[in-house]
Amino acid sequence: VPGPATSAATVRPCPRAREADLAGFDEAGLIERLRANDLEALGELYGWLGEAMLTLARSMLHDRDEASDIVEEALLRVRRAAPGFRGPRGLRTWTLRIVANLCRDALRRRRFSAGPPEDLDPHTAAGLATTPVEGWDAGMDQAVLIAALERAIAALPAEQREAVVLRDRMGLSYADVAEALGISESAVKSRLFRARETLKQKLRPLME
Amino acid sequence: VTTGHEDDRLARLLRATRADADPFLWTRVRARIEGRERVPRPLEWLVRPAALGVSAAVLVVALGVSWALLPMRATGESEDPTTVVEALLADANGPVDAAGLAWPDSGSWQ
């Protein structure tokens, strides 16, 4: 008789070990357990990096379901590739690199498909959550600005979008962004400069 | 509005948006992994594309051999007078024919 551990219908909450709660977190130990194909370790990895993986995938694709599929596939690849893990900048950068590569593949496939409808609001379609910005000018409608910003991000070239999401939205260092994208730091800075200029230009009429 | 203000506002807006972790996603991934690991090895082998390719190739070879053997057998059989017509023709010069069985056409019974 299969127990609850093997039932697909069982809702098993993932371990909640968000990035903010990681005092004393043993990354080396987690890597070793992943190398040994420990399924619980993969769950802990998702508990730790799930938000980051989903933020990257949803911000890149602006399609909630497709982003979930990408993160699922990324976790399966992490499990497959973990025995040979060699991430000079750690597990987070390595995992986000897998997600970024899968997002690029998905965007490439979209060239041959209709993709999401053009009139869909990217912020809603992506399933992204927004927290109110503290000390914001009351004269500026944050919701309108955030929707406009998401539309502008969706219109960026993919290589600029991934840089701005990893650095400005998720707060990775330049070195980590470079590692996650497989490019040099100077290329990251160049892409970020162009992306930010485009975003500011598009938001300027709403922020004056 | 100065560039510094613009940069600051853009950075704050960008950081205000994130995705919430989805616990059901991990449930699905776990079920997929456990499902894969439960599949018996022979069945797993069968569903592999390479195995399917090999099976298809074996089928094609078997059909080809069968196709090649069938005409040979048919040719071999044609040399034996085993059909009814051939047997009758072969027997036409034999003693049975001498008994005279062609009565309905003549209208008389001999």
Side-chain angles (χ1 to χ4, degrees), chain A residues 2 5-16 18 39 42-43 46-47 50-59 64 67-68 71-72 75-76 79 123 126-137 140 142 145-146 149-150 153 164-165 168-171 196 199-200 203-204 207-208, chain B residues 1-70:
Chain A
T6 57
S7 168
T10 306
V11 177
R12 187 192 301 269
C14 62
R16 300 291 294 170
R18 295 164 58 160
L39 190 53
L42 190 67
Y46 178 68
E51 275 187 17
M53 295 168 85
L54 282 166
T55 299
L56 175 58
R58 289 183 185 177
S59 301
R64 189 190 178 101
S68 293
V71 172
E72 274 190 49
L75 286 167
L76 295 175
R79 181 168 166 85
H123 189 258
L128 291 162
T130 304
T131 50
V133 181
E134 285 179 25
W136 192 256
D137 185 346
M140 285 185 226
Q142 250 186 68
L145 274 170
I146 282 171
L149 174 61
E150 216 51 50
I153 291 172
V164 88
V165 169
D168 291 344
R169 174 160 287 170
M170 297 167 61
R196 287 168 182 162
L199 295 178
K200 281 189 286 185
L203 291 183
R204 200 164 287 143
M207 289 208 278
E208 280 173 349
Chain B
V1 181
T2 63
T3 307
H5 273 103
E6 269 188 345
D7 287 336
D8 176 55
R9 282 175 179 166
L10 179 62
R12 287 163 71 195
L13 281 175
L14 278 164
R15 281 179 189 258
T17 302
R18 299 185 78 85
D20 290 328
D22 175 6
F24 291 100
L25 191 148
W26 169 241
T27 307
R28 287 196 299 273
V29 171
R30 187 183 185 110
R32 276 175 71 178
I33 292 170
E34 288 175 341
R36 279 184 187 182
E37 288 171 358
R38 273 202 309 271
V39 175
R41 280 195 177 274
L43 186 61
E44 192 183 5
W45 187 87
L46 278 175
V47 297
R48 283 184 187 166
L52 285 174
V54 170
S55 305
V58 167
L59 179 67
V60 168
V61 169
L63 284 173
V65 169
S66 307
W67 196 252
L69 288 175
L70 273 174

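Order of the sequence lines fixes the chain letters, A, B, ..., with proteins taken first and strands second; residue numbering starts at 1 for each chain.
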**Request:** Select one option (side chain, backbone, both, neither) describing which atoms of A/R58 are under 4.5 Å from chain B's heavy atoms.
**Result:** side chain
**Message:** Looking at every non-hydrogen atom in both residues, tell me the closest pair between A/Y46 and B/L25 and how far apart they are.
**Reply:** OH-CB, 3.6 Å
**Message:** Under the criterion side-chain contact (heavy atoms from CB on, under 4.5 Å), I'd like the reasoning laid out for A/V71 against B/V29: C-alpha separation, chi angles, the key distance, then a yes or no.
**Reply:** CA-CA 9 Å; A/V71 172; B/V29 171; over 6 Å; no
**Message:** Tell me whether A/R169 contacts the main-chain N or O of B/R15 through its side chain, where contact means a donor paired with an acceptor under 3.5 Å.
**Reply:** no
**Complete:** One option among A/R196, A/R204, A/Q142 has the most heavy-atom pairs under 4.5 Å with chain B, and it is A/R204
**Asked** How far apart are the closest heavy atoms of B/R28 and A/S68, and which atoms are they?
**Response** NH2-CB, 4.1 Å
**Item:** Value rounded to 0.5 Å, distance of CG in A/L199 from CG in B/L13
**Value:** 10.5 Å
**Message:** Using side-chain contact (heavy atoms from CB on, under 4.5 Å), reason through A/L149 and B/L10 one step at a time and then give a plain yes or no.
**Reply:** CA-CA 9 Å; A/L149 174 61; B/L10 179 62; 3.7 Å; yes
**Item:** Part of A/V164 within contact of chain B (heavy atom distance under 4.5 Å)
**Value:** side chain
**Item:** Donor-acceptor pair, side chain of A/T130 and main chain of B/T17, under 3.5 angstrom
**Value:** no
**Message:** Distance check, rounded to the nearest 0.5 Å: B/W26 atom CH2 versus A/L42 atom CG?
**Reply:** 4.0 Å
**Item:** Which of A/L145, A/I146, A/L39 touches chain B most, by non-hydrogen pairs under 4.5 Å
**Value:** A/L39
**Prompt:** Side chains of A/L54 and B/D20: does their closest heavy-atom pair fall under 4.5 Å?
**Reply:** no
**Asked** Checking heavy atoms, do the side chain of A/L203, its backbone, both or neither come under 4.5 Å from chain B?
**Response** side chain
**Nearest-0.5 Å distance that lies between atom CG in A/L56 and atom CZ in B/R18** = 11.0 Å
**Message:** Given heavy-atom pairs under 4.5 angstrom as the criterion, report whether the side chain, backbone, both or neither of A/R79 touches chain B.
**Reply:** side chain
